[in-house]
Amino acid sequence: MLVRSGLPWVRRGARRLTGASLALLLGCSGAAQTPSAARPARVVKTPPAQPKAPEGPPLLPAHVIAELEDEDATPYLARRGDEALLLYAAGGRWRTRVLGADGSPRGDATEVGPAAADVPGAALRATPQGYIAAWIEQTEGGRAVRVLALDPAGKPLGPASLVARTAEDITWLEVLPNATGTLVLWEMPRQAQDGAAQSVDRVDVVMTVVAQGKDGAIKPTAPASVAREVLGWNAVATERGAAVALVLPPPGGERKPARKADAEDAAGAPKLGFIALLEIDAAGKVSAPVTVSPEPTAQIDLDIVSVGGRYLLTWTDERDIDSAVFVAAVEPGGKVVVAPRQATTPSGEQALVSLVAPPAGGGGRALLAWEDLLRPPGSEGGADAQGGGRLIHLASVGPDGALSAERAGLVFSASGPPDLVADGDGFAAVTLAPATLKASRGEAAPPVWPTFVRFGPDLSVRAAEPVRAAPFAATDGVPYLVRGLSCHKGACATLASAAAGAPAQQGGAGAAGGRAGAAGARAPLAVVSLPVRESAWRAPAFREDKDPPPRATAVRALVEGDHVARVAAAELEGGTALAAWVTYFVEGASDRAPRGQDLSATLAVRAASPGAPGKLNVLSQKASSLGGVAIAAAPPAPADAKGKGGAAQGESVLAWVARERGETQVYVTKLDATGAKVAQKKLTTAPRKKQGGAASEASDVAIAYDGAGGFIVAWVDSRDGNAEVYAARIDRALNRTLPDRRITNAPLDAAEVQIAVRGQEAWLVWSDARPAGDAAAGGAGEQGGEASGDIFLARLDVKTLQRIGDESRLHASPEHSRSPVLAPLDGGALVGWVDEVAGGGASAGGGAAAGGHARFLRLDSGGAAQGAPLAVAAPGGAGVSSVALACDKVCRGVLASAPGDSVVLSAFTLAPGEAAAPSLKPLAWLTGSASQDVSPVFAGRSGTSLFFADDSVSGAGRVRWMTIAWP
């Protein structure tokens, strides 16, 4: 597949083709990369290596209409009423051929003039008088633009006219017919210097007005400037002339502050500018540009169509942390009637794919296609975005810029956009997707073929099947290239060609010139009809709005910067949540601290409310990554007998670890409802330095509201040698009401303590490496005395922190058990953890992709296990990296795993008494590395707000907030 797209393989959504890909699409070599790469070429190329093809289903109707000397040569097709005209080059000559409504040829091909050996690009459009063709050709002294007028039968009305010749490059052109003539626009690259003295790709847009006399001869005007040094542009024809949307560089060379860590990344970032619109009348008069979006945050993938008498503009915008698809509407004359706004609910990083105009002359609605880079896989209709490729989202959009409630998903197994056009009252697409029969059970990998889909006005799938036809029998009916999708009065067809040397089907009136292509010499070109009919093939598309929950309803980024080590969250009254995080920092491995300053990891907090995220509060740059972070919320404090001392709002306390002068201590910080610091105290003052040995460490903090006006803090501390679990109690003023209390006493290390309060008891769970036969394990099963790491539980009295009974080993396993989570629930609690396979997992450097599964165990009110732990495997047998749990009437969870090269978040529910492993439903594939532990955590017991770490497409660390709809 050789098309352009701003998607996962391109950093920060920059939508660029490589020079070689652009050359192949346009028929030249060495084409410069300029903003013209923002315009997609809808070419679907079948992969050469294919699994065995399914047998049985019928082929599609087709007519061979030409033979191409170069299998990658570009033919051009334009519809005019019930007929269409084909333009292609063969034998050094331009040729045309008239086609009927069903794609059948009407007569032989007609030679219309000489064709240059090197044609970087061309366009063919229907006009009231017939057709206009324009092309760029390489000359000895540079490049030239020529225009040729054709009558309705495809015959030339005169020789081609030279309208421009230049020693400079010309990389793109557009033909825009209107009621009285035609505007031809082209672009010429320019190298400009911005304020930072960096080279920036820009273009000049130039035009000519082509008028036709009574004899049909064309009379082009001298080239005139439309816009100079723009970052990108796109245009739409109107009855009055044309409207041109522009991405303009910021005035004075100002640029959005770079979020990149180094110059190499900054150089690869997409060029950003602001959006403007100008109009050109039929005589070539250019209006002054009107600013549509003044923010210099637009990428160059700008698109424009005419809908309901308005111009609808869309682009990918970076004004917020996550790139998002924006829309705006402008009336003729330049009045902005719909100010720029995000087209969809926040869903993480997005990239525009295309904007498709409604049928010419019809009111109708346009079609917006985009991609969420945190992409959920398709499920309806058997589509699978992970195994089958990218998932393109579709929604119709009206002149008010509002998207329809009906949404569709389309699988596309390539790097660029699918071919999308209006189809009567609906839309049609040609995509590249796995070809499977509805009756198949997925025993073998399916072939990836070009496939058409026809959508109704509500985006329901009317028909879908692979593009397979008799002219391509040598390759199972599948063509080498598919392009030029078009529809008229509910009938759709596409151009398809075989590879050079592949024989065409012999015979029939559809053969080009009454003969087949010569084997080994030419590439047969056919028109393939795409009917609405019953099909045995599974559609690579489905209605997304009918996708049942659980599903992500919105995803927002709260911060972008350093990689994130741990995330915590707590729910406040009124639906607001506080998210806290600590960044990843390796001691001694960074030189970012100014001389004389001691910097470590960054600790920050941000409120997440139903409206929008609040202010970012950076609390410390001396935090310890290994210390982690935990947060607990308390209700408003009651007033005393005199009515004083009450709190108008709830309070939250953050537990974390600071590193100062090489030593770590536990800190507690009181926060208000916005996440701002109210008070802060050091909780521990343990001596850390040791003679002749390493300093002791505090790590893995946890905190819970004790239900009586205070908080209980737990952490892991190695002050007494090996790492043990400690706990302390504080009041609302952050004063310790009980001294540090050591909870565990075992020969090996404890880690990752978690805490929950149930009535008058505080429950602690943690991972402990003590041998399975250790007496402190409460007599749990023997495992030969080896220290594999198991999950333990201790119950403490809330007031005294004295242990209630013995510690208990929740499950003895030969696997390494880690990352416990604890969720209180009526009658007890649910504990979850990750079991890594022997020799795998993060401890062995395997990260998220090293294997293993999750286990869940119900505890009764006394902390006793209710049955055996329930094992849950990740999709595709991947390793589980972490789990988030929230329990109310039912328990809801999210499991992070890496079935491929990135992490997937999968949702599940566990009802009371459920003994079978729950089914998993993917919520999103993240953009970060598969080795990343994304530390998912719920805020509150409902499980509707999930916070987690992820890396952006650019590689920068982000904390994301996902809202989830549950059954």
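As the structure is a prediction and not an experimental result, all values here were calculated from the model.
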Can you see which heavy atom on [X] is nearest to which on [Y], and at what distance?
{"X": "Gly424", "Y": "Pro359", "value": "O-CG, 3.2 Å"}
{"X": "Leu59", "Y": "Ala469", "value": "CD1-C, 3.8 Å"}
{"X": "Val43", "Y": "Leu481", "value": "CG1-CD2, 3.8 Å"}
{"X": "Pro152", "Y": "Val98", "value": "O-CG2, 4.1 Å"}
{"X": "Cys487", "Y": "Val421", "value": "SG-CG2, 3.8 Å"}
{"X": "Thr46", "Y": "Val448", "value": "CG2-O, 4.0 Å"}

To the nearest 0.5 Å, tell me how far [X] [atom1] sits from [Y] [atom2].
{"X": "Thr316", "Y": "Glu349", "atom1": "OG1", "atom2": "CD", "result": "11.0 Å"}
{"X": "Thr927", "Y": "Asp372", "atom1": "OG1", "atom2": "CG", "result": "11.5 Å"}
{"X": "Tyr131", "Y": "Thr96", "atom1": "OH", "atom2": "OG1", "result": "9.5 Å"}
{"X": "Leu394", "Y": "Leu403", "atom1": "CG", "atom2": "CG", "result": "10.5 Å"}
{"X": "Phe412", "Y": "Leu432", "atom1": "CZ", "atom2": "CG", "result": "6.0 Å"}
{"X": "Ser347", "Y": "Leu373", "atom1": "OG", "atom2": "CG", "result": "8.5 Å"}

Pair Lys921 + Asp547: basic N to acidic O under 4.0 Å: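 Counted as a salt bridge, because a side-chain N and a carboxylate O are separated by less than 4.0 Å.
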
Can Asp425 and Arg462 be counted as an ion pair, charged N to O under 4.0 angstrom?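 Between Arg462 and Asp425 there is a salt bridge, with a charged N closer than 4.0 Å to a carboxylate O.
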
Whether the side chain of [X] engages the backbone of [Y] through a donor-acceptor N/O pair (distance < 3.5 Å, no angle test) should be reported.
{"X": "Asp476", "Y": "Val478", "value": "no"}
{"X": "Thr431", "Y": "Pro418", "value": "no"}
{"X": "Arg483", "Y": "Val44", "value": "no"}
{"X": "Thr436", "Y": "Arg538", "value": "no"}
{"X": "Asp419", "Y": "Leu485", "value": "yes"}
{"X": "Arg543", "Y": "Asp458", "value": "yes"}

Could you work out, with side-chain hydrogen bond (donor to acceptor under 3.5 Å, both in side chains) as the rule, every residue matching Asp423, not counting sequence neighbours?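 side-chain hydrogen bond (donor to acceptor under 3.5 Å, both in side chains) check on Asp423 returns Arg454.
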
Q | Residues which pass side-chain hydrogen bond (donor to acceptor under 3.5 Å, both in side chains) with Asp901, listed by chain and number, not counting sequence neighbours | A |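 Checked Asp901 against side-chain hydrogen bond (donor to acceptor under 3.5 Å, both in side chains); zero matches.
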
Item to check | Residue Lys438 excluded, over 12 heavy atoms near NZ under 6.0 Å | outcome: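 Yes.
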
>> Please determine whether side chain to side chain contact (heavy atoms under 4.5 Å, CB included) holds for the pair Arg95 and Leu86, giving the CA-CA distance in whole Å, both sets of side-chain angles, and the decisive distance to 0.1 Å.
In response: CA-CA 8 Å; Arg95 302 171 189 268; Leu86 175 73; over 6 Å; no

Evaluate Val527 against Leu495 for side chain to side chain contact (heavy atoms under 4.5 Å, CB included), listing each step before the verdict.
CA-CA 5 Å; Val527 173; Leu495 294 176; 3.8 Å; yes

Is there a side-chain contact between [X] and [Y], using heavy atoms and a 4.5 Å cut-off?
{"X": "Arg97", "Y": "Thr110", "value": "no"}
{"X": "Tyr480", "Y": "Lys45", "value": "yes"}
{"X": "Leu410", "Y": "Val453", "value": "yes"}
{"X": "Trp315", "Y": "Val325", "value": "no"}
{"X": "Val397", "Y": "Val307", "value": "no"}
{"X": "Pro875", "Y": "Ser906", "value": "yes"}
{"X": "Ser104", "Y": "Leu99", "value": "no"}
{"X": "Val461", "Y": "Phe455", "value": "yes"}

Decide whether Thr314 and Asp303 meet the rule of one side-chain donor and one side-chain acceptor closer than 3.5 Å.
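There is no such pair (donor and acceptor under 3.5 Å, judged by atom type) between the side chains of Thr314 and Asp303.
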
If only side-chain N and O atoms count, and only distance matters, is there a donor-acceptor pair under 3.5 Å linking His393 with Glu371?
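Checked: Glu371/His393 side chains show no N/O donor-acceptor pair below 3.5 Å.
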
| task | Please step through side chain to side chain donor-acceptor pair (under 3.5 Å) for the pair Thr451 and Glu465, ending with a clear verdict. | result | CA-CA 6 Å; Thr451 303; Glu465 55 185 287; over 6 Å; no

* To do: Provide the full list of side chain to side chain donor-acceptor pair (under 3.5 Å) pairs with a residue in residues 394-407, sequence neighbours left out, each pair given once.
  =>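 Residue pairs passing side chain to side chain donor-acceptor pair (under 3.5 Å), neighbours aside: Arg365-Ser396, Ser396-Ser404.
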
Practice prompt. With side chain to side chain contact (heavy atoms under 4.5 Å, CB included) as the test, would you mind laying out the steps for Gln350 and Thr344 before giving the verdict?
Written response: CA-CA 10 Å; Gln350 291 182 325; Thr344 69; 2.7 Å; yes

Note to self: side chain to side chain contact (heavy atoms under 4.5 Å, CB included) for His63 and Asp102? Distances and angles first, verdict last.
What the structure shows: CA-CA 9 Å; His63 299 273; Asp102 62 351; 4.1 Å; yes

